[in-house]
S.K.: 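Before I ask anything, let me first share the structure, which is written out below as structure tokens.
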Amino acid sequence: MPFQAKAIVVVAAGLALLVGAFMLADWAAEYLWLETLGYASVFWSIRSMKLGFFLFAFVPVFFYVWINLRLVSRRLDFRPLLGALLSLFSRRATPGGPFAAVRDGRTAQPTGAFTGDLRYALATLSTIAAFAFGAVLYNHWERLLLFRFSQQFGTSDPIFGHDIGFYVFVVPLLELIQDAVLAATLIGTAAVVAAYMYAGVIRFHWRDGIEAPADALRHAAANVALFLVALAWGFHLDRFGLLLSERGAVFGAGYTDVVVMRPALWVMVGATLALALAVLVPPVLRKLGMSLVTVGGYVVILVVGIFATPWLVQVFEVEPNEL
């Protein structure tokens, strides 16, 4: 392992131990206080929920990032980029750019490129990304607590027929998970596409469309499809938000929300899932005309269904007779 890499490992390990020491001290003080009050079980319940929520995010994000990095590394060599990152600590520039395209299974290693085991480096990057997402959910453990001890209110809403407890205890957790999945797939998709385009593996031509190897195109398309599935899930959850609408003169779901927005959101769920399937079809991606028609049609459905139609109904049909 190069000296710079060893220095980074030592510094990272030292910081981890320092943060861990502060956390253990804080936990010890909290545990002693709760134990004195006879609530030691509360301490362990909270810790287990926080740790469980952290792992719930950490594990899938780690494998999602690691698989993406492994697939990208088949076409790109990350060693120059890793060497450039390591050179920041030694103030040494890395010639050759941050990426090198792999051709025929070989690539020339520029001076200053990372010379360690690439598998461990990719696993480290995956761990860092997964830790960031795990920390976000770790700090929102209260939503898991509400879900864990959810109760029925005994009253159902008149629009969807769910018990009120569903909106208080379950929907907040689902929205948090959906936001995390959407953010992870969006960042992953952008990173994969940007890396391929920067290295010239994926090229875009206004006349010929997208030019790329089949495996790289399938990889990018799979990430786009995952993002669109998460987006469709978001439209599905947005239906429940109509009960808290502030569109009309009164608080809650009004005429426009029930008659226009509710079916429009279902249409967007179907259209987004259809677009997710369409991007997996190679001709849709490679041919510029089909890509523009597909994406353009989706944008038209989005604008007309979610923005234009509700606004027109609200302004010209509801507001004149609302009071």
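Values reported hereafter were calculated over all heavy atoms of this structure, with side chains retained and with hydrogens, waters and symmetry mates removed.
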S.K.: Under 3.5 Å, is there a donor-acceptor pair between the side chain of Asp163 and the main chain of Phe153?
M.R.: yes
S.K.: Would you find a donor on one side and an acceptor on the other, under 3.5 Å apart, between the side chain of Thr189 and the backbone of Asn223?
M.R.: yes
S.K.: Quick check: closest heavy atoms across Arg262 and Val258, and the distance to 0.1 Å?
M.R.: CB-O, 3.6 Å
S.K.: If hydrophobic clusters are built from ILVMFWY residues whose side chains come within less than 4.5 Å, do Leu265 and Phe307 share one?
M.R.: yes
S.K.: Heavy atoms only: give me the nearest His236-Val269 pair and the separation to one decimal.
M.R.: N-CG2, 3.6 Å
S.K.: Taking atom CD1 of Ile177 and atom CZ of Phe147, what is their separation to the nearest 0.5 Å?
M.R.: 8.0 Å
S.K.: For the pair Arg143 (side chain) and Pro172 (backbone), establish whether a donor and an acceptor sit closer than 3.5 Å, ignoring hydrogens and angles.
M.R.: yes
S.K.: Kindly work out whether a path of hydrophobic side-chain contacts (I/L/V/M/F/W/Y, heavy atoms less than 4.5 Å apart) joins Ile202 to Leu292.
M.R.: yes
S.K.: Between Ile301 and Val295, is there a shared hydrophobic cluster once you connect ILVMFWY residues whose side-chain heavy atoms come closer than 4.5 Å?
M.R.: no
S.K.: Can a donor-acceptor pair be found, under 3.5 Å and without considering hydrogens, that links the side chain of Ser150 to the backbone of Leu146?
M.R.: no
S.K.: Enumerate donor-acceptor pairs with a distance under 3.5 Å from any side-chain N or O in residues 33-40 to protein atoms, sequence neighbours excluded.
M.R.:
unit_1	atom_1	unit_2	atom_2	d
Glu35	OE2	Tyr31	OH	3.4
Thr36	OG1	Leu32	O	2.7

S.K.: If only side-chain N and O atoms count, and only distance matters, is there a donor-acceptor pair under 3.5 Å linking Ser245 with Asp257?
M.R.: yes
S.K.: Do the two ring centres, one from Phe240 and one from Phe166, sit under 6.0 Å apart?
M.R.: yes
S.K.: Can you get from Val59 to Phe53 by hopping between Ile, Leu, Val, Met, Phe, Trp and Tyr side chains that sit under 4.5 Å apart?
M.R.: yes
S.K.: Return the minimal non-hydrogen interatomic distance between Val201 and Pro213, and the atom names on each side.
M.R.: O-CD, 3.3 Å
S.K.: Side chain of Arg218, backbone of Leu280: donor and acceptor closer than 3.5 Å?
M.R.: no
S.K.: Taking all atoms of both residues into account, what is the closest heavy-atom pair of Phe133 and Ala57, and its distance?
M.R.: O-CB, 3.9 Å
S.K.: For the backbone of Leu182 and the side chain of Thr185, can you confirm whether one donor and one acceptor N or O come within less than 3.5 Å of each other?
M.R.: yes
S.K.: Using 30° and 60° as the class boundaries, would you call the ring planes of Phe62 and Trp66 parallel, tilted or perpendicular?
M.R.: parallel
S.K.: Is a side-chain N or O of Ser48 found less than 3.5 angstrom from the main chain of Ser45, in a donor-acceptor match?
M.R.: yes
S.K.: Given the ring of Phe43, does Arg47 sit roughly above its face, with NZ or CZ under 6.0 Å from the centre of the six-membered ring and within 45° of the axis?
M.R.: yes
S.K.: Is there a donor-acceptor pair closer than 3.5 Å between any side-chain N or O of Gln178 and the backbone N or O of Ala230?
M.R.: yes
S.K.: Return the set of residues passing side chain to side chain contact (heavy atoms under 4.5 Å, CB included) with Val136 (not counting sequence neighbours), or none when no residue passes.
M.R.: His140
S.K.: Looking at CG of Leu144 and CZ of Phe56, how far apart are the two atoms once the value is rounded to the nearest 0.5 Å?
M.R.: 9.0 Å
S.K.: Do Leu237 and Phe160 share a hydrophobic cluster, counting only Ile, Leu, Val, Met, Phe, Trp and Tyr and linking them when any side-chain heavy atoms are less than 4.5 Å apart?
M.R.: yes
S.K.: Using 30° and 60° as the class boundaries, would you call the ring planes of Phe316 and Trp311 parallel, tilted or perpendicular?
M.R.: perpendicular
S.K.: Within the supplied structure, the quantity of interest is the number of heavy atoms (other residues, nucleotides, ligands) at a distance under 6.0 Å from Tyr167 OH; does it exceed 12?
M.R.: yes
S.K.: Under 6.0 Å between ring centres, would you say that holds for Phe131 and Phe54?
M.R.: yes
S.K.: What residues join Val259 in its hydrophobic cluster, counting side-chain heavy atom gaps under 4.5 Å, either direct or through other members?
M.R.: Tyr255, Val260, Val313, Val318
